[in-house]
Amino acid sequence: MQPETPAVRELISTEKNYQSAEVWTKVTGKAIYGIDLRLPGMLYGKILRSSHPHARIKKIKTSAALKMPGVRTVLTGSDLSCSPYGIVINDEMPLEPEHVRYVGDEVAAVAAVDDKKAEEALKLIHVEYETLPAVFDTGEAQLPEAPQLHENFPGNVAWRREVVRGDPESAFRNADLVVEGKFHIPQFHPAYLEPVACVAVSEPDGGITLHTAVQSPDIVRDLLAQVLKLPLSRVRIVGPVMGGGFGGKVYGNLNLYLISALLSMQTGLPVKMQLTREEEFTAGRPMVAAEIKMRMALGNDGTFLGREMDLITDNGAYSAQAPWVSNTLAERNDSVYRIPAIKTKARLVYTNKVPTGQYRAYGNQVANFACESLIDMAAKKLKIDPLEMRLRNCVRPGETTVHGLQIKSCGLAECLAAATEEIGWTKRKKGHGYGLSAAIHASGSVVFDPNLRGASARISLELDGNISLFTGEQDYGQGTHAAFSQIAAIALDLEPSRISVYSKDSLVTPYSMGALGMRQATIGGKAVQLAAEKLREKIIRTSSEMIGEPVIMENGRIRSASGRQVDFTEIAHYYHGQTSGLTLTGEGSYVPPESSYDDTKYGNIAVTYSFAAHAAEVEIDPETGALTVHRIVAAHDSGRIINHLSASGQIYGGVAQGFGMSCLEGYLFNEGRVANPTLADYKIPTALDVPDITPLFIETDDPEGPYGAKGLGEIVQVPVPGALANAVADAAGGWVTEMPITAEKIFRILSNRGAAK
Amino acid sequence: MSYFTAASLDEALNVLREAKGKALIIAGATDLFLKGMPSQAVDIASLPELGMIVEEQDYLSVGAAVTHAAAASSPLIMVKAAALAEACAAVGSPQVRNLGTIGGNLVNAAPAADAAVALAALGAKAVLCDIDGRRRVEELGNLYAGYNQSRIDSSREIVLNLIFKTCQFNEGSAFARFASRRALSLPMVNVAARVGLENGVFAEVRLVAAPVKPAPTRLFKTEEALLGKEPNEETRQMVEELASAEVKVRGSLLRCSADYRRHLIGVLAGRVLMAAVRRVQDKEES
Amino acid sequence: MDIGKITFLLNDEPVTIYADPAESLLHLLRDQLGCMSPKEGCGRGECGACTVILDGKAVNSCLVPAGKAAGKNIRTIEGISDGKSVHPLQRAFVEKGAVQCGFCTSGMIMSAYALLAENPAPRQEEVKRAISGNLCRCSGYKQIEEAIMTAAEEMNENRVRFVEKEQKE
């Protein structure tokens, strides 16, 4: 249990809507985003991309482009000295020297004095291709006669995993009921509103400064140094404001970064590059597509006995984070409930399509679509209320799940109760469909990089008595930095507005994994708390040294027993003088316990876990299948809520995204080409589409997180697909098993049942 | 390029004449700007004579440069040609409706253009003027050369206005579309109807659906079957069946299958028909 | 490419520039006039991040050929407050948590500004319609809608106060 001092209580209640000062730059149009960056002498880079899904490059002629006035350099894959690289698998080059594997693959790049000239120069590059047979289907790609995309990956299988926990065979043998389903999930793009943009500056010392807004700048820095063969200290990432990320900008766009760096190194000038919206869709890194076959074994009373999953994920041409995403997709949902036996077979398969990566909850949300649909299918067969079935099986505090996750704080049962109560589960409107879904998501992964499990922060008392906080954790609207100010404010007994947060320059901020795996509020926030507490101690010690008697700090004031008062400015100046210019600084590092992960990946993987249950209410037009989502109630256990305004914003936005992917979005392909690479045809929700959303906070008090807080940013999306699938099934009488749940698919279900009017 | 903002119709025609086929008329430019601007543009969007909505006796004239936003909020159009107001309100987004014009919507010749579908149902004719000052009046259907191809040659003629008979006391019109998203979305289908009732039965019906052919398509068989029938649930169901049986449609990867599109045309035909009837009944009741 | 002289009012101040009239107003504002608040999210009128007000109407500046701007009055977010105080919309966006990444915010506020100029007391449904051409991926729109309604109320209260003060004097 966290100590609930008056300060904690007061700050969490009175400052619950605190916003960082940066927000004012955004409402006045002054915030500088990646696309806004301009540096003196800057060139503009553009990429020539493959127009074939699979081909060999026989020849590239660049002379005409090079001769064009205004063009400063042209690069092709054969100019590069780097080796294939990757986040998980080294299967990618910034520019492919001889073998292109999807429509959009990088072939050549130009730097010119303006973007129009760069664009025109691309047309002057002549590439001779020898087209190769292409494969777009994960099933066909595994056949022996299929074209091989990469050496060393026979059958085009990039990654595979098989897991058995407990005794699934006997679970299914002894089951009273076995339900099964097959689910299809397309690629989804995070569709952040700002396309990835960067300016690379080649420095006189041979290094590179990359200006770009990215969720994990330090990891990108490591990769740039590795691929460009530069000393790490010569690579610097400076961040402008980020126009949305949602997991899609954990690494930004690595090829874009590498190409702009190479162009800058070649020309000695800054090079700006940005993706067009079409490039975002065709050559970005959407989340993996998945085919899920699943079986579930139950007892007559609704007890879960076992689950089997056969998962095939579509990697596209290169791997990015797809292996990790596939892994989360395959197993995270197993820990929502007590499921004693699990059997999972997962394969990630190369195809000649857009490479894939991650989006918000790392695949947990699309697995939720399958897992939660199947639970309701079983509930229907057993005639058990889906709420009751979930309450009977859901994970509880103090338990260890089938994969070894150690659950400390857990309000899942309370979330289920609250969401259903609020939606009117037992007082249903006639003709409306109701659906429920539950989720777990790891908050603060300790297995992502076992050598860097935690986080650190540095916090200084400035001469003017204000506080500067340096962190590697990134805020692009989630409210992380406002929460950090609040956390430090609690430790230092002062107003959060006196604490400025700096995170955007790798030269001065502590190393961090950045915004991924719901780690920032939990792990990053804990480091801030520890750093601030250290500074508090130092302030107290220095004050008593200064006035020569013991002091106490209370309500932002420092005073001695004799009644003498000192303020922060005085102490700062005193220390400054004593040390000839240093500032009082607290460094905090939070190192979570090591993972107990074993060879089979059994073990605790995160500092803590967040939970959620969503309930949806929908209505279907029986004549067309058109779906109206009236309401989604989102009940969340993210521990103690530090900032209610931002936390609510995360829920509204995340649920809206979950609604979008469930009902509107998804990639469409035509012979491997993305058929809907625009915001007109890749339909993210407008204000008229988003349903009424009600956030509910079940505030458990987590023993690990700062002042009891846990992560929220990713789990907000996770239960939505399942809740909507089940609500639609309740209204239509059958499940749509293919995302997105469109009117046409609902209509087909109604027609098959003879229920269409 | 050169850009000329015309201050009068004569001026616009003069520039076209002098450019000898090299200049093109532009209005809101929302579609044209993406397709590629001409090397010489003559902007007619702010010509006062093309921006008017005028009722003359039983006819309504809507200027070609009237924006979708202006048409959607025009009391005259809302009362006398509700289908057109509904169609214009359904286009794209507020921003696009503020720029895009009715005339431009026709010249762009998209097969499921909302305004064009409503205008066809209302029986609108287009008034055009060429560089020699010759005016002609064309049926909407005659303006289409193919999918997304207009017969209107914007280098030598200008759509001035659209003219149609206003809905009289015994007449009503309605428009509906079906799209996966509620804004910023092209429709899977759109359907509009104009009906006239006499003695409680259909005396006149114009029912138009898209996308069926390059131009908004009248459902003649369904229209005919309705004449003399009473508007009731039975007729609505009949319309649903007849309308979807009457059309041959294509499916598309981005929108929906052919079967579903045909089904939707039936459902929406029934709905717009009854909505148009309700508008007549509302007038009779009040 | 022919360069033409284009004159218009930008936030009530006359500006004259030389540009290709086929260039978009968005690029004109950003690249030539240093007015960076309109953002390019798609360049095709499909996201609304570049929304500005042209003669009182919200438009996608990425779809407006520069030639069309000639003689017009263009307002961006730089021109809705006097630099000393903030517009009620800006304050409400901050107070209601309507801003996350902020990339859509300028365009969103301009659509709201155009709405409130025409309809000072909109219903929530009218607010939704008015911003339906402005995509926001972060917020789910809820807090944006609240902010616009709150700003409308504040502006109406200010108007009442102003009238009352006038009457007293």
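Chain identifiers are assigned alphabetically (A, B, ...) following the order of the sequence lines, protein sequences preceding nucleic acid strands; residue numbering begins at 1 within each chain.
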Asks: Which heavy atom of A:Leu645 sits nearest a heavy atom of C:Gln143, and at what distance?
Replies: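 Taking every non-hydrogen atom into account, O-NE2, 3.2 Å.
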Asks: Taking every heavy-atom pair that is under 4.5 Å apart, which of A:Pro685, A:Gly660, A:Ala31, A:Gly244 has the most such pairs with chain C?
Replies: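 Sorted descending by pairs with chain C, the first entry is A:Pro685.
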Asks: Using non-hydrogen atoms and a 4.5 Å limit, figure out which bit of C:Arg44 sits close to chain A: side chain, backbone, both or neither.
Replies: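 Contact with chain A is through the side chain of C:Arg44 alone.
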Asks: Considering only heavy atoms and a distance below 4.5 Å, find which of A:Gln657, A:Met242, A:Gln274 pairs most often with chain C.
Replies: A:Gln657
Asks: With a 4.5 angstrom heavy-atom cut-off, could you sort out which part of A:Gln19 is near chain C: side chain, backbone, both or neither?
Replies: side chain
Asks: At a 4.5 Å cut-off on heavy atoms, which part of C:Ser132 comes close to chain A: side chain, backbone, both, or neither?
Replies: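 It is both, since atoms from each part get that close.
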Asks: Could you look at A:Asp689 and say if it's the side chain, the backbone, both or neither that has a heavy atom under 4.5 Å from chain C?
Replies: neither
Asks: Which bit of A:Phe659 comes within less than 4.5 Å of chain C, counting heavy atoms only: side chain, backbone, both or neither?
Replies: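 For A:Phe659, no heavy atom lies under 4.5 Å from chain C.
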Asks: Taking every heavy-atom pair that is under 4.5 Å apart, which of A:Gly243, A:Ala656, A:Ala213 has the most such pairs with chain C?
Replies: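 Going by pairs under 4.5 Å, I would pick A:Gly243.
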Asks: Testing the basics here: between C:Leu9 and C:Pro14, what is the closest heavy-atom pair and its distance to 0.1 Å?
Replies: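 That would be CD2-N, 3.5 Å.
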Asks: Could you have a look at C:Glu145, C:Met36, C:Glu95 and say which one has the most heavy-atom pairs with chain A under 4.5 angstrom?
Replies: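 Result: the option with the highest number of such pairs is C:Met36.
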Asks: Check the side chains of C:Thr76 and C:Glu78 for a donor-acceptor pair under 3.5 angstrom, ignoring hydrogens and angles.
Replies: yes
Asks: Give a yes-or-no answer on whether the side chains of A:Gln365 and A:Arg360 include a donor-acceptor pair shorter than 3.5 Å.
Replies: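 There is no such pair between these side chains.
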Asks: For A:Ser646, is it the side chain, the backbone, both, or neither that has a heavy atom closer than 4.5 Å to a heavy atom of chain C?
Replies: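 No part of A:Ser646 comes within 4.5 Å of chain C.
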Asks: Checking heavy atoms, do the side chain of C:Cys35, its backbone, both or neither come under 4.5 Å from chain A?
Replies: neither
Asks: For A:Pro691, which atoms come within 4.5 Å of any heavy atom of chain C: side chain, backbone, both, or neither?
Replies: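 Neither part.
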Asks: With chain C, which of A:Asp692, A:Ile32, A:Asp36 has the greatest number of heavy-atom pairs at distances under 4.5 Å?
Replies: A:Asp36
Asks: Find the one option among A:Arg38, A:Lys30, A:Gln478 whose heavy-atom pairs under 4.5 Å with chain C are most numerous.
Replies: A:Arg38
Asks: Using a strict threshold of under 4.0 Å (side-chain N to carboxylate O), is an ion pair present between C:Arg30 and C:Glu40?
Replies: no
Asks: Heavy-atom pairs under 4.5 Å with chain A are the metric here; pick the option from C:Ile77, C:Leu135, C:Thr105, C:Val99 that has the most.
Replies: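 Heavy-atom pair counts peak at C:Leu135.
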Asks: Check step by step if side chain to side chain contact (heavy atoms under 4.5 Å, CB included) holds for A:Gln650 and A:His636.
Replies: CA-CA 11 Å; A:Gln650 286 300 297; A:His636 281 264; over 6 Å; no
Asks: Taking all non-hydrogen atoms of both residues, which atom of A:Pro190 and which atom of A:Gly245 are closest, and how far apart?
Replies: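 Nearest pair, atom of A:Pro190 first, then A:Gly245: CB-O, 3.9 Å.
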Asks: Give, as side chain, backbone, both or neither, the part of A:Thr678 having an atom under 4.5 angstrom from any heavy atom of chain C.
Replies: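 Both parts, backbone and side chain.
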Asks: For C:Lys68 and C:Val64, work out which heavy atoms get closest and say how close.
Replies: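 Taking every non-hydrogen atom into account, CB-CG1, 3.9 Å.
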Asks: Mark yes or no for whether A:Gln215, through its side chain, and A:Gly247, through its backbone, hold a donor-acceptor pair below 3.5 Å.
Replies: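 Yes, because the side chain of A:Gln215 sits within donor-acceptor range (under 3.5 Å) of the backbone of A:Gly247.
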Asks: Cation-pi check, C:Lys39 to A:Tyr33: give yes when NZ or CZ is under 6.0 Å from the six-membered ring centre and within 45° of the ring axis, no otherwise.
Replies: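 No, C:Lys39 does not sit over the ring of A:Tyr33.
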Asks: In terms of heavy-atom proximity below 4.5 Å to chain A, should C:Val86 be classed as side chain, backbone, both, or neither?
Replies: side chain
Asks: Can you tell whether the side chains of A:Glu665 and C:Arg137 come within less than 4.0 Å, N to carboxylate O?
Replies: yes
Asks: Can you tell which of A:Leu679, A:Asp475, A:Ile693, A:Thr28 has the highest number of heavy-atom pairs within less than 4.5 Å of chain C?
Replies: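 Option with the greatest count: A:Leu679.
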Asks: Pick one of side chain, backbone, both or neither for C:Phe103, based on which atoms fall under 4.5 Å of a heavy atom in chain A.
Replies: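 It is both, since atoms from each part get that close.
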Asks: Examine whether an atom of A:Ala680 lies under 4.5 Å from a heavy atom of chain C, and if so say whether it belongs to the side chain, the backbone or both; otherwise answer neither.
Replies: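 Both parts, heavy atoms under 4.5 Å.
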Asks: Is it the side chain or the backbone of A:Pro195 that comes within 4.5 Å of chain C heavy atoms, both, or neither?
Replies: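 Side chain only.
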Asks: Does a salt bridge link C:Arg123 with C:Glu126, judged by any charged N lying under 4.0 Å from a carboxylate O?
Replies: yes
Asks: So, are A:Glu120 and A:Lys46 salt-bridged, with charged N and O less than 4.0 Å apart?
Replies: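 Salt bridge between A:Glu120 and A:Lys46, a charged N being under 4.0 Å from a carboxylate O: no.
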